[in-house]
Amino acid sequence: KLEKARENFKKANEKFKKANEVYKDRKEKFDEVKEKLKDCKDSESEECIQLQTEAVTRAKDFLTNSIDLAKGYLEKISAKINDNEAISEDDATATISNIEDGLAKLDEIQTSVDAAETKDEIKSSAKQLEKFWNGYKQKTEVFAGRIINDKVGEIVVRSEQLEGKF
């Protein structure tokens, strides 16, 4: 079980790293289009209409990748919790259930991003994601803190056992 959990963590970590690289690339491309659009404020030229369409596409790509990044982070924490033997079964189950709820909410937001076709719909989806993540981020920090706390507790127990031997 422990070996499988470590393998799952390794996969989740790789997925997270890859999503982070893609995130940076898509953000850069989106920012480039956004800069070009500033010149089109009141213009209805063919080029500006094309840039607006491209901006919506780039924004959707960027939001999709942001969601993938958040999912990767949550999956990474979930894998670490499964890997940690110091966390009680009940705590692990409750935490993983909470993470799965977060993943489900991210799937809902992804559905709204996929359905978005206008700038306003994209903005609405982005606000949903921002609101969700700002509220959920604190929970993930608690999850990560619990993992660290349990690891430190495990180290203290081991050091006390070693101390008893000498």
Specify the closest pair of heavy atoms between [X] and [Y], including all atoms of both residues, with the distance to one decimal.
{"X": "Ile109", "Y": "Phe132", "value": "CD1-CB, 3.8 Å"}
{"X": "Ile122", "Y": "Ala116", "value": "CD1-CB, 3.7 Å"}
{"X": "Ile67", "Y": "Leu106", "value": "CG2-O, 3.8 Å"}

Residues forming a salt bridge (charged side-chain N to carboxylate O under 4.0 Å, His left out) with Asp114, sequence neighbours excluded: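 With neighbours one apart ignored, the set is empty.
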
In one Ile/Leu/Val/Met/Phe/Trp/Tyr side-chain cluster, 4.5 Å: Val22, Leu129: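 Not linked; separate clusters.
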
Path from Tyr136 to Ile96 over hydrophobic side-chain contacts below 4.5 Å: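 Yes, one cluster joins them.
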
Between [Y] and [X], is there a side-chain heavy-atom distance shorter than 4.5 Å?
{"X": "Thr111", "Y": "Asp107", "value": "no"}
{"X": "Val56", "Y": "Glu117", "value": "no"}
{"X": "Lys29", "Y": "Val33", "value": "no"}
{"X": "Glu108", "Y": "Lys105", "value": "yes"}
{"X": "Asp61", "Y": "Asn65", "value": "no"}

Within this structure, what is the [atom1]-[atom2] distance for the pair [X] and [Y], rounded to the nearest 0.5 Å?
{"X": "Arg58", "Y": "Glu28", "atom1": "CZ", "atom2": "CD", "value": "10.5 Å"}
{"X": "Lys27", "Y": "Lys34", "atom1": "NZ", "atom2": "NZ", "value": "6.5 Å"}
{"X": "Leu63", "Y": "Lys60", "atom1": "CG", "atom2": "NZ", "value": "10.0 Å"}
{"X": "Lys123", "Y": "Lys127", "atom1": "NZ", "atom2": "NZ", "value": "7.0 Å"}
{"X": "Leu69", "Y": "Lys24", "atom1": "CG", "atom2": "NZ", "value": "9.5 Å"}
{"X": "Gln50", "Y": "Gln52", "atom1": "CD", "atom2": "CD", "value": "11.0 Å"}

Geometric class of the Tyr73/Trp133 ring pair [parallel <30°, tilted 30-60°, perpendicular >60°]: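 Trp133 and Tyr73: perpendicular rings.
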
Taking [X] for the side chain and [Y] for the main chain, is one N or O donor matched with an acceptor at less than 3.5 Å?
{"X": "Ser66", "Y": "Phe62", "answer": "yes"}
{"X": "Ser125", "Y": "Glu121", "answer": "yes"}
{"X": "Ser78", "Y": "Leu74", "answer": "no"}

Pair Glu75 + Lys71: basic N to acidic O under 4.0 Å: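 Not counted as a salt bridge, because no side-chain N and carboxylate O are separated by less than 4.0 Å.
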
